[in-house]
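Following: one structure in structure tokens, then a few remarks.
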Amino acid sequence: MNDVLPFPPVKDAWLHTARWRAVEATFREVCRRYGYREIRTPILEHTELFKRSIGEATDIVSKEMFTFETRGGKSLTMKPEGTAPAVRACLEHGLFSDHPVLKLYYVGQNFRYERGQKGRYRQHQQLGVEVFGAVDPAIDAEVIQLAMEFYRTIGITDQALKINSVGTPQSRAAFLEALRDYARPHLADYSQEGQQRFELNALRMLDTKDQGDLRLLENAPRLVDYLDDESKVHFEKLQSYLAEAGVAFEIDHRLVRGFDYYTRTAFEIVGTNLGAQSALGGGGRYDGLVEECGGPSTPGIGFGLGMERCMLVLDTLGIQLPVDDESPLAFIVTLGEEAKVRPAAVRLLAEIRAAGISADMDYRYKKFGQQARTADDLGARYLLVLGDGELDRGVVGLRNQTTKDQRDVPLTDIVSELQGIA
RNA sequence: GCGAUUGUAGCUCAGUCGGUUAGAGUGCCAGGUUGUGGCCCUGGAGGUCGCGGGUUCGAAUCCCGUCAUUCGCCCCA
């Protein structure tokens with residue numbers, strides 16, 4: 001993760017706190033509209049949780065986790081993803097029994113021990129949702145729709161939605177056998193990577209960028225043809241529900257996901273302008289996960305969207321975001337005898353702020369020009385000039401920073417005057 | 001984890017063949033100009049030359065390692 005800064009950086013404009021807040025706010029608003037509630041889980045979890053849920057053989061667990069031992073000898077891991085911790089938290093607090101259908105969202109940091117590059121960071125933030133307790137493909141469609149709605153709302157429209165079904169563990173086993181039978185006779189022609197995957201995790205053979213492998217796989221068996229009846233119906237219904245909701249998608253028969261716990265629905269949202277890191281987000285169904293974590297048999301589905309990648313795309317598309325105005329409305333500039341004028345400034349500032357108006361002052365007591373420059377740096381719209389002359393007359397100079405017009409306003413009226421402006 | 005790339009002031013960058021006290025522009029601060037700025041002039045502060053080790057009389061410069069960046073691979077968000 002990069003540092004996100006309080007003022008827009010000249011370079012890397014996407015690393016501006018206000019922009020991040022705007023994107024997070026958009027996500028929260030979309031979640032609110034869809035009926036999702038926020039869950040926050042800690043960064044540290046027992047290592048075992050991830051090993052069991054994500055799978056020992058996956059890249060994430062085998063080489064990408066920040067893991068360490070406590071003094072008591074327990075193994076802890078900084079969470080590499082948000083789903084398993086959410087499951088753990090819900091189990092621990094009995095949320096599954098209290099709420100037959102649970103719709104959750106989170107904004108959180110994930111950690112993966114890997115080489116950084118643009119769009120990929122060891123600490124990255126994900127915006128995600130999880131739904132527990134619903135098998136209806138309509139909820140799959142809703143989750144996908146929510147993700148697409150989020151992108152549409154912030155202004156990213158050139159992303160593509162790819163969907164597939166990875167079936168149940170049983171149907172997947174049958175498919176894997178067929179896939180291996182298909183590849184075995186020409187195994188030597190596959191890339192080194194492809195051959196390794198054939199041995200370790202044949203499903204991943206499909207997820208290759210190697211042109212030669214892609215040619216060899218052209219007539220390979222497809223996951224959809226090996227789905228059990230229920231999964232097949234589920235996938236078909238999902239497609240029709242997406243169509244009902246007006247969400248455009250394409251079926252990608254080679255789409256498989258990196259975690260072991262996915263069942264049936266798998267999807268990915270792919271963007272442009274991100275170089276090698278093209279995945280904006282992804283997710284899928286995980287009907288066996290809760291049980292795997294020691295809970296009751298509970299279906300689930302969710303997704304995670306990469307915050308950094310989202311920010312980068314917004315940046316390259318030059319999209320303006322409705323960022324908060326953090327500039328003070330008024331900035332007090334003091335002149336003249338310090339002992340007389342500074343206490344008056346402190347009092348005036350307190351009054352203005354108590355009235356709900358943002359205001360600031362220069363705490364260095366420099367000459368006028370310096371104070372005014374500080375006001376400009378902060379983007380103040382008005383200067384309140386307070387000198388001993390003004391104090392003697394019981395007024396304050398109200399200076400419009402845009403027009404440079406300045407007029408005296410009685411000290412007793414300045415708060416209501418500012419309220420009128422704001 | 002693999003291959004390549006870059007790393008000098010807050011920012012953008014010079015720095016020759018290894019040789020004096022590492023420079024410029026910009027920004028910041030101050031003075032010119034005790035109470036009305038942004039221009040201009042003058043001055044000032046600001047540097048573990050990414051970090052650690054090595055070679056050498058001498059290293060920003062050469063070598064090794066390491067960390068970080070960027071690009072690709074793997075994987076993912």
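Just so it is clear: chains get the letters A, B, ... in the order the sequence lines come, proteins before strands, and each one is counted from 1.
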If the C1' atom of B:G53 is compared with that of B:C11, how far apart are they to the nearest Å? 31 Å
Taking the six-membered ring for Trp, are the ring centroids of A:Phe198 and A:Tyr190 within less than 6.0 Å of each other? no
Rounded to whole Å, please give me the gap between OH in A:Tyr151 and P in B:A77. 11 Å
Could you work out the separation of B:U69 and B:U6 based on their C1' atoms and round it to a whole Å? 7 Å
Would you check if the side chain of A:Glu390 reaches a backbone N or O of A:Gly387 as a donor-acceptor pair within less than 3.5 Å? yes
Assess the pair A:Tyr286 and A:Tyr261: is the distance between their ring centroids shorter than 6.0 Å? yes
Test A:Phe96 against A:Phe132 for ring-ring contact (aromatic ring centres under 6.0 Å, His included), laying out the working first. CA-CA 8 Å; A:Phe96 293 133; A:Phe132 299 102; 5.1 Å; yes
Have a look at A:Asp388 and say if it touches a base, only the backbone sugar-phosphate, or nothing, with a 4.0 Å heavy-atom cut-off. base
Expressed in whole Å, how much space separates the C1' atoms belonging to B:G15 and B:A22? 8 Å
Could you check how far CD of A:Glu64 sits from C1' of B:C2, rounded to whole Å? 13 Å
What's the gap between B:G65 and B:C71 when it is taken at their P atoms, as a whole Å value? 24 Å
Below 3.5 Å, does any donor atom in the side chain of A:Arg120 face an acceptor in the base of B:C74, or the other way round? yes
Test item: A:Arg172 side-chain N/O and A:Val166 main-chain N/O as donor-acceptor pair under 3.5 Å: yes
Whole-Å distance separating the CD1 atom of A:Ile60 from the C1' atom of B:C76: 7 Å
Expected list for residues 143-157 of chain A: side-chain donor-acceptor pairs under 3.5 angstrom, two or more places apart:
{"residue": "A:Glu149", "atom": "OE2", "partner": "A:Arg33", "partner atom": "NH1", "Å": "2.6"}
{"residue": "A:Tyr151", "atom": "OH", "partner": "A:Leu280", "partner atom": "O", "Å": "3.3"}
{"residue": "A:Thr153", "atom": "OG1", "partner": "A:Glu149", "partner atom": "O", "Å": "2.7"}

Expected string for nucleotides 4-12 of chain B under the B/S/- scheme (protein heavy atoms, under 4.0 Å, primed atoms plus P, OP1, OP2 as sugar-phosphate) is B-------S
Salt bridge flag under 4.0 Å for residues A:Arg52 and A:Asp260: no
Result for 5'-nearest mapping on RNA chain B, choosing between A:Gly387 and A:Glu114, is A:Gly387
Distance-only donor-acceptor test, A:Arg373 side-chain atoms vs B:C28 base atoms, 3.5 Å: no
Could one point to a donor on the side chain of A:Glu390 or the base of B:G35 with an acceptor on the other under 3.5 Å away? yes
What is the nucleic acid contact for A:Val333, judged by heavy atoms within less than 4.0 Å: base, sugar-phosphate only, or nothing? nothing
Taking A:Thr58 for its side chain and A:Gly55 for its backbone only, find out whether a donor-acceptor pair lies under 3.5 Å. yes
A:Asp213 CG to B:C73 P, in whole Å, measures 15 Å
Between A:Arg393 (CZ) and B:G35 (C1'), how many Å, whole number? 11 Å
Has A:Arg112 got a side-chain N or O lying under 4.0 Å from the OP1 or OP2 atom of B:C74? no
N-O pairing of A:Glu29 and A:Arg32 below 4.0 Å: yes
Taking for each residue the nucleotide of RNA chain B bearing the nearest heavy atom, is the 5' side occupied by A:Asp210 or by A:Asn400? A:Asn400
Which part of the nucleic acid does A:Arg399 contact within heavy-atom distance under 4.0 Å: base, sugar-phosphate only, or nothing? base
If I pick the C1' atom on B:U5 and the same atom on B:G10, what distance separates them, to the nearest angstrom? 25 Å
Under 3.5 Å, which N/O atoms of the protein pair with N/O atoms of nucleotides 30-33 of chain B?
{"residue": "B:A30", "atom": "OP1", "partner": "A:Lys366", "partner atom": "NZ", "Å": "2.9"}
{"residue": "B:A30", "atom": "OP2", "partner": "A:Gln370", "partner atom": "OE1", "Å": "3.2"}
{"residue": "B:A30", "atom": "OP2", "partner": "A:Gln370", "partner atom": "NE2", "Å": "3.2"}

Between B:U61 and B:G19 - P atom distance, rounded Å: 11 Å
Remember a base hit wins even if backbone is also touched, and classify A:Glu338 as base, sugar-phosphate or nothing at under 4.0 Å, heavy atoms. nothing
Is A:Arg88 salt-bridged to A:Glu92, going by a charged N under 4.0 Å from an acidic O? yes
With P as the reference atom in both, quote the distance from B:G47 to B:G23 in angstrom, rounded to an integer. 14 Å
Any base atoms under 4.0 Å from A:Gly397, or only sugar-phosphate, or nothing? Heavy atoms, all strands. nothing
Which whole-number value in Å describes the distance from A:Leu312 CG to B:C76 C1'? 15 Å
With a 4.0 Å heavy-atom cut-off, tell me which residues in residues 402-413 of chain A come close to RNA chain B, sorted by residue number. A:Lys404, A:Gln406
Go through the steps for A:Lys340 and A:Asp392 under the test salt bridge (Lys or Arg N to Asp or Glu O under 4.0 Å), then give the verdict. CA-CA 10 Å; A:Lys340 184 174 171 186; A:Asp392 290 343; 2.8 Å; yes
B:G52 versus B:A60 - spacing of their C1' atoms, nearest Å: 16 Å
Indicate whether the side chain of A:Ser165 and that of A:Arg264 have a donor and an acceptor atom separated by less than 3.5 Å. no
So that I can tick it off, tell me whether A:Glu326 and A:Arg21 are bridged by a salt bridge, with the cut-off set at under 4.0 angstrom between side-chain N and carboxylate O. yes
A:Gln371 CD - B:G38 P separation (whole Å): 15 Å
Determine which bases of RNA chain B form Watson-Crick or G-U wobble pairs with both distances under 3.5 Å, and write the result as a 5' to 3' dot-bracket string with | for other-strand partners. ((((.((..((((.....[...)))).(((((.......))))).....(((((..]....))))))).))))....
List the residues meeting side-chain contact (heavy atoms from CB on, under 4.5 Å) with A:Arg204, not counting sequence neighbours, and say none if there are none. A:Arg197, A:Asn201, A:Asp207, A:Val256
A:Phe66 CZ to B:G1 P, straight-line distance once rounded to whole Å: 10 Å
Taking OP1 and OP2 of B:G72, is either one under 4.0 Å from a side-chain nitrogen or oxygen of A:Gln117? yes
Residues A:Arg120 and A:Glu308 bridged, charged N to O under 4.0 Å: no
Looking at A:Lys79 and A:Glu81, is there a salt bridge between them, counting it only when a charged N and a carboxylate O are closer than 4.0 Å? no
